[in-house]
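In what follows, a structure is listed as structure tokens, so that the remarks can point back to it.
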Amino acid sequence: MYKVLIVDDEYLIREGLAKEVPWHEMGFEISGTAANSREAIACIEKIVPHVVLTDVKMPVMDGIELCKVLKYRYPHIKTVILSGYGEFEYAQKAIEYNVHSYILKPLNVDDLLELFQNIYNELQIQSRGEKNISASEDGLNIDRDEMTEYVFLKLLSREFNDYARCGEELAKVGFDAKNKYYCIMAFSYSNIEKKADGKTSSESLLRLAKCCLRQSGFEALYLDGIFYIVICSDKPIAQRDQNHFSKKFKDFMEEKLNIGDTGGTNIISMGVSSVCRDLAQLRHSADEAAAALNYRYYSGEGSVIFYKESVFDKNKSWNNSEVETAVNNISAGLLNNCSYTVVSTLKGLFSYLSSVNILDKNRLHIKFIQIYSAIAAEIKKEYIFITVLTEDEFYNRISGCETFKKLEDLFKDAVLEIEAQIKDYNLTSYKYRFIQKVKRYIDSNYSDRLSLDRLSRDFFINSTYLSRIFKEEADENLSDYILSVRMENAKRMLNTSDAKVQDISKQVGYVDYRHFCTVFKKVTGMTPLQYRIKSV
């Protein structure tokens, strides 16, 4: 079993993660929990876990500082960060501290299970590689495939930088890493479900990729949720060679994946790095390949994207003022019932967001959540009864988006839902909205001495006109509505409190206790005391 340490300042979250997740089924055990980073460091010194699962925002020392400590003192430990929407960009700073991955809160258990299954596979490979190194040092036979996979995983990870030693370990299994040309290809798939045997599709796909590459001598790896191919050649790797290989690999994989699959078409997308000449540059090449692969979110599933030729502007940064202008224009268009302004501004906003090309899908989703929430907040200032999506509801709606176009459509639908509500609200008669306002006032102030004259003064309206329109819109007299509100509250108090009947009488607006009893009996057929006894 691999050991996991959970770090979170909220007790219920710590206990929930420890007890509700099937850790043992995935090959893990919870070896400890900590309420903050200082406690975590003390635990780490005692138990030396394989994985640390930590929240970002905590007292004493936050999760980012903990990641920094782990990088320099325990670089072999894999760190997973939990972060909320508002903390995500802050959490991304931890990438420089060798963070393995991050998960958004509210936590999706399926995502957590998939992530830890991947971590388990990586730890298994690492364990086999370390055994091979030990066997090599003892003069025993070692498995060439396992050794090369282990070494290249180290080269592509951020946990290791002893490139000379990697070259030596490769040389032990007959792989000459010097004077080579390297290219990294990252690939992903869509529409693959977990198999009935419980093994993840990532394991199945990695085995299939290795089968495809067996004759070429290239290496297939799975690291931090991404599949990689390490292409190695004694000769320069021309783009036509990259094109030929990527097409051949893509066709092979899609053909094998779609045989007998009735659940739809499986599609392989690929990102291709530039060529490098040194093992020390492989991590950078892997980053290029991953960035190119992530661009499929904009270009569409099934794309083969070359990093050097990709159309996104790698240097274009986020512009808050441009986004704020769009939010203000969309809000104004909604409030002023101007559909043209809303639609045209949305089109410009999407164009800007696609030009920035945020390649981290979670980060892009959070930007959309922030923009929607800002628009919703502006609308709620004017229309407090309009229903808008919460952050969680909006995230749940867009989290499954696999293309930017789908994200556009869902965002536009959410905004147009607000527009439709505003139009419906504005079509409702002014008199109806006014009477609803009067009703809410009565509901909140029924204990006062309410009367037609009092309400007409409070709402600056002629008493005769108020009486007439209340009857028209509410289909009952104003005095009857006041009476019904008082009686319903009196019944509630008689049912749920031990207060004296005289006190309840005053609380529902009757100074004269006897008059209250008379009215109550007329409405319910019982005296207040009889009603209370019957309720018991």
Cut-off 3.5 Å, side chains only: do Asp392 and Thr390 have a donor facing an acceptor? no

Nearest heavy atoms of Ser331 and Ile375, plus distance in Å: OG-CA, 3.8 Å

Gap between atom CG of Asn319 and atom CD of Glu324 - 0.5 Å precision: 9.0 Å

Glu417 vs Arg397, test: salt bridge (charged side-chain N to carboxylate O under 4.0 Å, His left out). Steps then yes/no. CA-CA 13 Å; Glu417 285 172 12; Arg397 182 177 289 197; 3.0 Å; yes

State whether the side chain of Asp111 and the backbone N or O of Leu107 hold a donor-acceptor pair below 3.5 Å, judged by distance alone. no

Once you round to the nearest 0.5 Å, how far does CG of Leu82 lie from OG of Ser101? 9.5 Å

Side-chain donor or acceptor of Asp9 paired with backbone N/O of Asn36 under 3.5 Å: no

His76 and Tyr74 aromatic ring geometry - parallel, tilted or perpendicular at 30°/60° bounds: perpendicular

When you measure from the centre of the six-membered ring of Tyr2, is the NZ or CZ of Lys78 closer than 6.0 Å and no more than 45° off the axis? no

Does Arg296 use its side chain to pair, donor to acceptor, with the backbone of Glu301 at less than 3.5 Å? no

Check this for me, if you would: do Lys57 and Asp62 make a salt bridge, where the nitrogen-to-carboxylate-oxygen distance has to be below 4.0 angstrom? no

So, are Lys3 and Glu29 salt-bridged, with charged N and O less than 4.0 Å apart? no

Can a donor-acceptor pair be found, under 3.5 Å and without considering hydrogens, that links the side chain of Tyr372 to the backbone of Leu389? yes

Got a salt bridge between Lys210 and Glu149, using NZ or NE/NH1/NH2 to carboxylate O under 4.0 Å? yes

Within the distance-only criterion (no hydrogens, no angle test), does the side chain of Gln242 pair as donor or acceptor with the backbone N or O of Val272 below 3.5 angstrom? no

Side chain Ser269, main chain Gly302, donor-acceptor under 3.5 Å: yes

Taking Ile398's backbone N and O only, do any of them form a donor-acceptor pair with Lys406's side chain (distance below 3.5 Å, no angle check)? no

Step through it carefully: locate the ring centre of Phe394, locate the ring centre of Phe368, and say whether they are under 6.0 Å apart. no

Does the side chain of Tyr297 come under 3.5 Å of the side chain of Asp360 through a donor N or O and an acceptor N or O? no

Apply the test salt bridge (charged side-chain N to carboxylate O under 4.0 Å, His left out) to residues Glu169 and Lys154: give CA-CA distance (whole Å), side-chain angles for both, the deciding distance (0.1 Å), then the verdict. CA-CA 11 Å; Glu169 290 171 356; Lys154 285 202 296 184; 3.4 Å; yes

Determine whether Ser37 and Glu65 satisfy the following criterion, side-chain hydrogen bond (donor to acceptor under 3.5 Å, both in side chains), listing intermediate values before the conclusion. CA-CA 8 Å; Ser37 295; Glu65 286 298 312; over 6 Å; no

Do Ser303 side-chain atoms and Ile305 backbone N/O form a donor-acceptor pair below 3.5 Å? no

Side-chain donor or acceptor of Glu87 paired with backbone N/O of Gly84 under 3.5 Å: yes

How about Tyr222 and Asn118: does a side-chain donor come under 3.5 Å of a side-chain acceptor? yes

Close aromatic pair by centroid cut-off 6.0 Å: Phe152 and Phe175: yes

Derivation and outcome, salt bridge (charged side-chain N to carboxylate O under 4.0 Å, His left out), residues Lys412 and Glu408: CA-CA 6 Å; Lys412 184 177 179 181; Glu408 277 186 21; over 6 Å; no

Do Lys105 and Asp55 come within less than 4.5 Å of each other through their side chains, counting heavy atoms only? yes

On the ring face of Tyr181, is Arg277 found with NZ or CZ under 6.0 Å from the centre and within 45° of the axis? yes

Below 4.5 Å, heavy atoms only, C-beta onward: do Leu66 and Val52 meet side chain to side chain? yes

Kindly give the heavy-atom pair with the smallest separation between Met26 and Val21, and that separation in Å. CE-CG1, 4.0 Å

Does Asn320 have more than 12 heavy atoms from other residues, nucleotides or ligands lying within 6.0 Å of its CG? yes

Separation between CG of Leu410 and SG of Cys401, rounded to the nearest 0.5 Å: 4.5 Å

Note: Glu168-Arg165 ion pair, threshold 4.0 Å (strictly below): no

Checking Lys256 side chain against Leu208 main chain: does a donor-acceptor pair fall under 3.5 Å? no

Among Thr33, Ile6, Val109, Val4, which residue meets the side chain to side chain contact (heavy atoms under 4.5 Å, CB included) test with Leu17? Ile6

Please confirm whether Phe218 and Phe245 have ring centers closer than 6.0 angstrom. yes

Does a side-chain heavy-atom distance below 4.5 Å link Leu279 with Tyr182? yes

For Phe249 and Phe187, I'd like to know if the aromatic rings sit close, meaning centre-to-centre distance below 6.0 Å. yes

Inspect the contact between Lys308 and Glu288 and indicate whether a charged nitrogen and a carboxylate oxygen are less than 4.0 angstrom apart. no

